[in-house]
There are 2 protein chains.
Amino acid sequence: MNEPYLEIDPFKGIFGLDNLAERISEILKCPVTIEDANHRLLAYSTHDERTDPARIATIIGRRVPEKVINSLWREGSIPYLLNSDEPLRIKSITEVGLGDRVAISIRKKQETLGFIWALEIDHSLEDKDLHYLKMAGQAVKNHLLNLHTRKTEKEESYQEFFWQLLTGHLENVEEIKKKFKTLNLLPPEASSVLVFKFPGKIDSKTEKNISYILKTTQRIKVLFYTLQNNNLIVLASPKSTESTGDYDKFIKSFIIQMNERFGVGGIKGGCGTIHENCQRVEKSYQEALTLLELKDKFPQETEAIYSYQALGIYLFIPVLLEKRKNDGFENQYLKCLFEYDFRHKTQLYKTLEVYLENDSRINETANLLHIHANTLSYRLKRISEIGEINLDDYNQKMALLIDIKINKFNKSLL
Amino acid sequence: MNEPYLEIDPFKGIFGLDNLAERISEILKCPVTIEDANHRLLAYSTHDERTDPARIATIIGRRVPEKVINSLWREGSIPYLLNSDEPLRIKSITEVGLGDRVAISIRKKQETLGFIWALEIDHSLEDKDLHYLKMAGQAVKNHLLNLHTRKTEKEESYQEFFWQLLTGHLENVEEIKKKFKTLNLLPPEASSVLVFKFPGKIDSKTEKNISYILKTTQRIKVLFYTLQNNNLIVLASPKSTESTGDYDKFIKSFIIQMNERFGVGGIKGGCGTIHENCQRVEKSYQEALTLLELKDKFPQETEAIYSYQALGIYLFIPVLLEKRKNDGFENQYLKCLFEYDFRHKTQLYKTLEVYLENDSRINETANLLHIHANTLSYRLKRISEIGEINLDDYNQKMALLIDIKINKFNKSLL
DNA sequence: AAGGTCTTTGTGGATTTATACAAATATTAA
DNA sequence: TTAATATTTGTATAAATCCACAAAGACCTT
């Protein structure tokens with residue numbers, strides 16, 4: 001008996017993805033889950049109540065929990081599945097509640113459309129079962145291709161609406177709400193625009209990966225996204241409370257994941273202010289763009305800043321430079337230090353900058369400058385003397401750092 | 001013998017103030033000094049080499065040392081002399097090197113023109129001597145009146161030149177230098193414009209007092225001064241080095257002296273940037289005016305600020321308010337705190353302001369707010385939590401304080 | 001009225017900073 | 001060149017800050 005189980009396709013002629021899932025489950029004698037490419041739940045078998053925590057969480061949340069996805073990435077399963085049509089046996093990962101299972105990806109050419117998961121609750125699947133699983137994959141593929149084409153039609157009108165929001169074309173609140181309704185979306189209570197600037201052209205493969213991350217993340221709720229030149233623009237609302245921290249974390253993790261998972265480095269990202277009113281999408285978008293511009297001007301200073309609101313003084317620097325130029329103003333205190341540095345080959349100016357940047361913390365500053373803490377103290381004393389600077393005066397300290405940054409910005413423009 | 005020494009006026013027909021001083025010295029048999037109303041040395045006797053340190057310093061410096069003047073004010077001699085035609089016997093003040101002496105003021109109506117000082121080195125003056133001193137005063141008065149009228153003529157052209165400088169009418173450096181020469185003045189190597197804003201109209205008595213302080217100070221070198229409405233405008237160069245500290249100290253002491261000596265309170269003063277080029281007098285003047293405007297807006301914050309250069313961030317507030325308005329920006333962190341304060345009747349916003357203003361010093365801030373240091377620590381923790389604020393981030397702290405001041409400025413405009 | 005949270009004040013110990021002083025080296029001026 | 005001054009590093013001590021914990025009062029909800 002070489003291939004006794006090949007006779008006919010047991011998955012033919014089944015209507016509906018749910019029914020297909022049930023059928024696969026019957027054949028393989030184990031719980032089955034079908035996901036799209038972004039790990040959203042499409043269908044799952046119900047006959048069998050044996051299951052594991054990861055599957056329960058997936059069904060409850062209509063998507064695979066992010067920590068499960070992360071561990072499957074780390075452990076190599078997902079990268080394998082994305083590049084192979086063969087079923088993959090995955091060992092249990094108890095930390096995230098994942099039992100033994102077999103998975104197969106559903107692919108069209110190089111593009112992944114989705115996955116089938118079969119849980120090995122009380123028995124391992126045999127070669128025969130894996131063969132059936134591949135056949136099931138073919139059947140599911142046909143269903144997904146249908147879904148896919150229907151989706152892209154819808155996609156068009158989404159994109160159009162999003163650009164209307166971004167460019168502020170829709171002035172009427174009622175109009176916006178109606179449009180949301182038409183697209184079968186709930187107007188978000190609060191949202192913000194995120195912009196990611198890629199180092200080069202975004203190819204179609206990267207596009208897939210972006211889509212993948214945006215659809216799988218659970219830190220924020222992505223409403224729309226679009227690509228323009230090297231930029232990825234996203235409209236998203238916060239997951240739980242109106243916390244700005246969620247955005248920060250997402251942007252950070254997006255950049256890390258694009259780098260670690262897909263080898264795309266050098267991405268810069270940020271978001272505008274969170275707003276309750278969708279009319280303000282345009283402003284939030286502009287703010288995100290401003291943030292990215294300033295990140296170019298002050299790469300080190302703004303490295304850990306991901307939101308417009310957190311830009312602090314760096315937002316002021318361009319307008320203040322203009323004021324300084326109009327006024328013909330030169331900071332005498334800094335001038336003294338600069339000239340002293342020049343004549344004596346010292347680094348008082350730089351020392352002051354790092355000291356102020358680091359909130360006047362002696363130890364931290366000394367470490368950054370690779371000098372002894374007492375050396376720093378001595379230099380600070382000299383800075384006070386030479387520049388007639390009072391380093392206990394907060395106003396003066398602020399003005400000094402701002403002028404230092406203005407000078408830096410001015411130089412960067414030359 | 002009732003009045004045996006009255007026969008004729010021994011000071012009649014003497015030409016020149018120096019000769020007059022010698023003559024007085026001969027009659028009284030003691031060293032004599034003649035000063036103008038501003039304690040500038042006009043003449044002194046030379047026959048007698050017996051003297052005291054104060055007199056030596058006066059002759060060397062061509063004026064009475066400031067500390068001597070100060071102690072004579074404190075001790076009451078000068079106030080007396082300004083209001084009396086009678087000679088005054090002054091006890092020695094060893095701290096400032098002043099020996100026993102007799103002084104008389106030379107007055108025309110209520111206006112003091114100068115003083116005669118007679119040192120009692122080895123013998124006290126008798127009533128007869130005091131009588132001669134009064135007669136000497138009459139003789140000196142005639143000399144001084146001559147000087148006085150000649151001065152006011154010159155004064156006119158000084159004033160004109162000063163206003164030309166203040167309004168930037170003189171664009172050519174050579175022209176300015178020539179003008180200085182014409183007026184018999186050395187162009188200053190560096191100078192700055194000081195402006196004092198008086199609470200009300202400056203009457204002629206106050207005018208005299210102003211003139212007195214400006215002419216007697218030795219902290220700065222006054223080149224010109226003029227009055228306009230309630231403002232006193234001064235062009236002065238630093239005494240020794242190019243130190244901005246001299247100006248600060250002078251402005252402070254001017255305000256104190258006007259108050260303590262002449263009972264004129266509520267004066268605000270400040271100076272513009274020190275410049276080497278006299279073409280920049282206009283800018284320095286404008287800067288001083290800007291400083292005074294900001295002192296009105298931020299009375300507490302700028303209380304100890306006397307120079308434009310030391311204004312720090314307060315100089316930025318107006319332009320930043322405009323930016324914030326244009327951008328339609330609202331600081332979310334502060335908004336959180338403000339709303340929390342409103343709902344819970346707490347003072348987190350105010351606490352943050354005082355804490356930041358005082359350079360994040362726990363004890364100082366706690367004292368100012370009249371709360372326990374631990375209460376402050378607790379509030380700061382709550383500020384971090386509620387506003388999602390990181391109080392170890394200098395950039396964020398600066399931005400917070402600036403936005404607090406922007407808000408305050410905005411409110412002050414309503 | 002009871003229970004919970006928020007706020008204030010207190011205590012004590014670990015950590016950080018301020019400051020003075022000493023010694024070695026580098027730099028500058030005479 | 002020497003002598004004076006500036007700079008760096010080290011040690012030691014007092015002062016200030018940070019942090020965890022606890023007790024008590026204020027305020028709110030049930």
Side-chain angles (χ1 to χ4, degrees), chain A residues 240-241 243 333-394 396-398 400-401, chain B residues 240-241 243 333-394 396-398 400-401:
Chain A
S240 47
T241 57
S243 164
Y333 307 102
L334 290 178
K335 196 181 163 198
C336 285
L337 290 187
F338 199 81
E339 283 171 359
Y340 187 91
D341 273 352
F342 183 76
R343 277 202 306 276
H344 297 82
K345 306 204 177 357
T346 47
Q347 298 100 45
L348 298 185
Y349 187 95
K350 182 70 191 169
T351 302
L352 181 62
E353 178 178 5
V354 178
Y355 175 70
L356 292 179
E357 267 179 343
N358 288 280
D359 200 20
S360 307
R361 285 185 289 267
I362 297 271
N363 283 331
E364 208 168 313
T365 310
N367 288 337
L368 283 170
L369 292 170
H370 308 295
I371 57 173
H372 193 274
N374 281 8
T375 305
L376 177 57
S377 290
Y378 172 76
R379 284 192 190 169
L380 292 174
K381 208 185 70 185
R382 295 291 288 150
I383 286 169
S384 301
E385 291 166 0
I386 293 161
E388 299 189 70
I389 289 167
N390 176 10
L391 288 175
D392 290 332
D393 182 337
Y394 193 67
Q396 204 173 16
K397 291 206 292 186
M398 282 194 286
L400 286 170
L401 187 55
Chain B
S240 46
T241 57
S243 165
Y333 306 103
L334 290 178
K335 195 181 162 197
C336 286
L337 290 187
F338 199 82
E339 284 171 359
Y340 188 90
D341 273 352
F342 183 76
R343 276 202 306 275
H344 298 82
K345 313 216 172 345
T346 47
Q347 299 100 45
L348 298 185
Y349 187 95
K350 183 69 191 170
T351 303
L352 181 63
E353 179 178 5
V354 179
Y355 175 71
L356 293 178
E357 268 179 341
N358 287 281
D359 200 20
S360 306
R361 284 184 290 266
I362 297 272
N363 283 328
E364 210 168 313
T365 311
N367 288 337
L368 282 169
L369 292 171
H370 308 295
I371 57 173
H372 193 274
N374 282 6
T375 305
L376 178 56
S377 290
Y378 172 74
R379 285 191 190 169
L380 293 174
K381 209 185 72 186
R382 295 291 287 149
I383 288 169
S384 301
E385 291 165 1
I386 291 162
E388 299 189 67
I389 290 166
N390 176 10
L391 287 174
D392 290 333
D393 182 337
Y394 193 68
Q396 205 173 14
K397 292 206 291 186
M398 283 193 287
L400 287 171
L401 187 56

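Below, chain A is the first sequence line, B the second, and so on; all start at residue 1. Computation of the quantities below employed the complete heavy-atom set of this structure, encompassing side-chain atoms and omitting hydrogens, waters and symmetry-equivalent molecules. On a predicted model such as this, the values are computed, not experimentally measured, just so you know.
Comparing D:dG10, C:dA18, C:dC6 against the side chain of A:His372 picks out D:dG10 as the nearest. Of the listed nucleotides (D:dG10, D:dT7, C:dT7), C:dT7 has the atom at the smallest distance from the side chain of B:Tyr340.
At a cut-off of 3.5 angstrom, counting only N and O atoms as typed in the model, there is a donor on one side and an acceptor on the other between the side-chain of A:Asn374 and the base of D:dT11.
Between the P atom of D:dC19 and the CD atom of B:Glu385 lies a distance of 13 Å, rounded to the nearest Å. Spacing between atom CG of A:Asn367 and atom P of C:dT17 amounts to 10 Å, rounded to whole angstrom units. Per the geometry, CD belonging to A:Gln347 stands 15 Å off P belonging to C:dA26, to the nearest Å. Whole-Å rounding puts the A:Ile383 CD1 to D:dT7 P distance at 11 Å. At whole-Å resolution of the value, OH in A:Tyr378 and P in C:dC21 are 16 Å apart. For B:Arg361 and D:dC18, the CZ to C1' distance is 17 Å, given to the nearest whole Å. Rounded to whole angstrom, the span from the OH atom of A:Tyr355 across to the P atom of C:dA18 amounts to 6 Å. For the pair B:Asn363 CG and D:dC18 P, the computed distance is 10 Å after rounding to whole Å.
Both B:Thr346 and A:Lys345 lie near DNA chain C, and the one whose nearest nucleotide falls closer to the 5' end is B:Thr346. Nearest-nucleotide positions on DNA chain C for B:His344 and A:Leu380 put B:His344 closer to the 5' end.
Considering only heavy atoms from C-beta on, B:Ile386 comes within 4.5 Å of B:Leu348 through its side chain. Put simply, the side chain of A:Leu337 reaches to within 4.5 Å of the side chain of A:Ile389, judged on heavy atoms. Side-chain contact check for B:Gln347 versus B:Arg379: some heavy-atom pair is nearer than 4.5 Å.
For the 3.5 Å distance criterion, the side chains of B:Asn358 and B:Thr365 fail to qualify, holding no donor opposite an acceptor. Side chains of B:Tyr355 and B:Arg361: no donor on one and acceptor on the other come within 3.5 Å.
Remark: A:Arg343 is not in phosphate contact with C:dT27, judged by side-chain N or O atoms under 4.0 Å from OP1 or OP2. Contact annotation: B:Thr375 reaches the phosphate of C:dT9 (side-chain N/O to OP1 or OP2, under 4.0 Å). Distances shorter than 4.0 Å separate some side-chain N or O of A:Arg379 from OP1 or OP2 on D:dT8.
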